[in-house]
Amino acid sequence: MTAIQTNLTSIVNELDNGKREIYVAKFYNDAVARAMLTDKGITDSGEQDTMITNSDAIYAALAADTGVTIIEDIWDGVWGEYMSSDDIHPVAAGYEVMAENILNALAGE
C-alpha cells in the first residue's frame, strides 16, 4: 500500500461511522495530471502514463477496501475553459462547474 493510499484510507476510516455515505473526488483528470507532472519536471509521456495508472489503481483499491464511492472527474468542462492565469486554479465559473459535476455524481448522473 502506498503512502497516499494509506493516508486516504486513514481519512476515510476516521470519517466512517457507519451512518454516512462517503465520496472521494479524484483531484485530477488526465490533462490536469499531465500538467502537474510536467511542472514537476516529469515530461516523459510513458512515465506520466505509469504514474497516472498507478494513481487510478490507488483510487480503485481505496474504493474496494473501504466502500467509498469515487467521483471520477470533477474537472470535466473546467480544464482549459475556466482556468485562472496560473493554469492551475479555476476561476469562479470553473468552481461552479466543478460543484455541478459533484452534484451530478451524487445524483448518479
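Throughout, numbering of the chain's residues begins at 1 and tracks the sequence. Note: hydrogens, waters and symmetry copies are ignored here, and every other heavy atom, side chains too, is used.
- Looking at every heavy atom in both residues, Trp75 comes nearest to Pro90 through CZ3-CG, 3.8 Å.
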Legend entry - Test log, rule side-chain contact (heavy atoms from CB on, under 4.5 Å), inputs Val12 and Glu14: CA-CA 5 Å; Val12 168; Glu14 183 73 25; over 6 Å; no
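- When atom types are taken as modelled, the side chain of Thr66 and the backbone of Thr9 share no donor-acceptor pair closer than 3.5 angstrom.
- Asp16 meets the salt bridge (Lys or Arg N to Asp or Glu O under 4.0 Å) test with no other residue; sequence neighbours excluded.
- Of the N and O atoms on the side chains of Thr38 and Gln48, at least one donor lies less than 3.5 Å from an acceptor on the other residue.
- Considering only heavy atoms from C-beta on, Ile70 comes within 4.5 Å of Glu72 through its side chain.
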Inset, instruction - Step by step, work out the side-chain contact (heavy atoms from CB on, under 4.5 Å) result for Val91 and Met83. - result: CA-CA 5 Å; Val91 295; Met83 299 301 291; over 6 Å; no
Inset, instruction - Take Asp73 and Asn101, measure what side-chain contact (heavy atoms from CB on, under 4.5 Å) needs, and give me the verdict at the end. - result: CA-CA 8 Å; Asp73 191 1; Asn101 291 340; over 6 Å; no
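- Screening residues 44-61 for salt bridge (charged side-chain N to carboxylate O under 4.0 Å, His left out) gives Lys26-Asp56, Arg34-Asp49 as the qualifying pairs, with residues at least two apart or on separate chains.
- Proximity of Asp76 to Met98: side-chain heavy atoms (C-beta onward) are nowhere separated by under 4.5 Å.
- By the side-chain contact (heavy atoms from CB on, under 4.5 Å) test, Tyr23 is found to be paired with Glu21, Thr69, Ile71, Leu106, residues two or more places apart in sequence or in another chain being considered.
- Other residues, nucleotides and ligands place no more than 12 heavy atoms under 6.0 Å from the CD1 atom of Ile4.
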Inset, instruction - Evaluate the criterion side-chain contact (heavy atoms from CB on, under 4.5 Å) for residue pair Glu96 and Tyr82; output intermediate values, then yes/no. - result: CA-CA 10 Å; Glu96 290 176 17; Tyr82 293 110; over 6 Å; no
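- Among all heavy-atom pairs drawn from Gln5 and Leu62, the shortest one is NE2-N, 4.2 Å.
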